[in-house]
Amino acid sequence: MTARTDRIDQLIRQELGAILTRDVQDPRIGFATVTDVETTPDLSHARVWVSVIGQPAEREAALEGLRRAMPFVRRELAHRLSLRRVPELHVRLDDTAERGTRVLRLLSELEAGGSPDGGASPEAAAEVPESLPTPVPRVGREGDTPDVPASPPPDRGRPGRKGRSRGERPHRDRRR
């Protein structure tokens, strides 16, 4: 990736998010968030990674709604962006949140002393739908260091003054 394609990826991601929240009226889309965009170097195609909150059936419905809305979204992008070529958009499901949830669940089970799969077969574990974790306050454990607020860094004055006091001027050598 070049710096130009990275900038275009971010610009397309921001505009896609704005278009999806304001202009697309499909109720299937629901809570869809554009997480990343990857364009090809010639800007002819772009993978749009989307995270959708909900059950697997709702995710598939949202992806289908997004795929159906992409021609409209591409036209809107052409109006909003000053690109010679607006890439063809390919929607993909971003499942990093679910994978992160699974890792957190496995870590909490290991911390509690249980087996990571809970004694179930891999097939049974795969059938359990994943959900996003609910934030809970952290409980202190034995061996933790107490939370000590960090002291602010010492005031070093304005940068570029190099140890001079307020009224002094820099010494200049007048010799040539």
Side-chain angles (χ1 to χ4, degrees), residues 1-112 114-118 120-139 147 150 153:
M1 290 275 173
T2 64
R4 180 175 184 262
T5 56
D6 287 342
R7 285 194 313 267
I8 290 172
D9 290 350
Q10 286 191 2
L11 184 62
I12 290 174
R13 183 181 58 79
Q14 291 171 352
E15 289 298 325
L16 278 174
I19 291 169
L20 290 177
T21 56
R22 288 189 227 130
D23 299 331
V24 176
Q25 302 296 321
D26 193 340
R28 295 179 292 178
I29 293 175
F31 295 108
T33 305
V34 178
T35 57
D36 195 18
V37 174
E38 296 174 359
T39 56
T40 57
D42 64 348
L43 299 180
S44 61
H45 297 277
R47 282 191 206 135
V48 178
W49 297 97
V50 179
S51 176
V52 181
I53 296 176
Q55 298 301 319
E58 294 170 340
R59 288 185 195 144
E60 286 302 318
L63 280 178
E64 183 58 32
L66 285 169
R67 287 185 184 115
R68 298 278 305 219
M70 281 303 129
F72 167 76
V73 171
R74 188 172 180 216
R75 279 193 305 274
E76 286 295 313
L77 277 176
H79 292 299
R80 294 181 183 201
L81 302 179
S82 58
L83 293 175
R84 186 177 303 167
R85 175 187 296 174
V86 176
E88 189 173 327
L89 305 171
H90 306 282
V91 180
R92 306 284 170 103
L93 182 63
D94 184 6
D95 63 346
T96 55
E98 289 82 23
R99 285 188 281 149
T101 302
R102 182 172 185 274
V103 168
L104 288 174
R105 183 175 49 86
L106 290 173
L107 288 174
S108 66
E109 287 176 6
L110 285 173
E111 191 175 77
S115 65
D117 59 0
S121 66
E123 295 83 20
E127 293 175 11
V128 177
E130 300 282 336
S131 66
L132 295 175
T134 304
V136 294
R138 189 175 189 293
V139 177
D147 291 336

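None of the values given here were measured: they were computed from a predicted structure.
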Legend entry - N/O donor-acceptor pair under 3.5 Å between T5 side chain and P41 backbone: no
Inset, instruction - Could you give me the CA-CA distance, side-chain angles and deciding distance for D94 and D36, then say whether side-chain contact (heavy atoms from CB on, under 4.5 Å) is met? - result: CA-CA 9 Å; D94 184 6; D36 195 18; 5.7 Å; no
Inset, instruction - State, with a plain yes or no, whether a side-chain heavy atom of I8 is found less than 4.5 Å away from one of L43. - result: yes
Inset, instruction - Return the minimal non-hydrogen interatomic distance between E98 and D95, and the atom names on each side. - result: OE1-CA, 3.0 Å
Legend entry - From CD (E58) to CG (L63), nearest 0.5 Å: 12.0 Å
Legend entry - Atom CZ of R67 with >12 non-hydrogen neighbours under 6.0 angstrom: yes
Legend entry - Minimum-distance pair of heavy atoms, taken over all atoms of V86 and R74: O-NH2, 2.8 Å
Legend entry - salt_bridge(R68, E64) N-O dist < 4.0 Å: no
Inset, instruction - Quick one: do I12 and L81 satisfy side-chain contact (heavy atoms from CB on, under 4.5 Å)? Show the steps, please. - result: CA-CA 8 Å; I12 290 174; L81 302 179; 3.9 Å; yes
Legend entry - Heavy-atom pair of closest approach, residues V52 and R59: O-NE, 3.4 Å
Inset, instruction - Run the numbers on D9 and R13 for side-chain contact (heavy atoms from CB on, under 4.5 Å), then give the verdict. - result: CA-CA 6 Å; D9 290 350; R13 183 181 58 79; over 6 Å; no
Inset, instruction - Over all heavy atoms of both residues, which pair between R85 and D42 is shortest? Give the atoms and the distance, please. - result: NH1-O, 3.3 Å
Sequence neighbours excluded and cut-off under 3.5 Å, please list the side-chain donor-acceptor pairs for residues 15-33, or say none.
from : atom 1 : to  : atom 2 : distance (Å)
E15  : OE1    : R80 : NH1    : 3.4
T21  : OG1    : G17 : O      : 3.0
T21  : OG1    : A18 : O      : 3.1
D23  : OD2    : R80 : NH2    : 2.7
D26  : OD1    : R28 : N      : 3.0
D26  : OD1    : R28 : NE     : 3.3
D26  : OD2    : R28 : NE     : 3.2
D26  : OD2    : R28 : NH2    : 2.9

Inset, instruction - Could you point out which residue of V73, L66, V34 forms a side-chain contact (heavy atoms from CB on, under 4.5 Å) with V91? - result: L66
Legend entry - R92 (side chain) donor-acceptor with R47 (main chain) under 3.5 angstrom: no
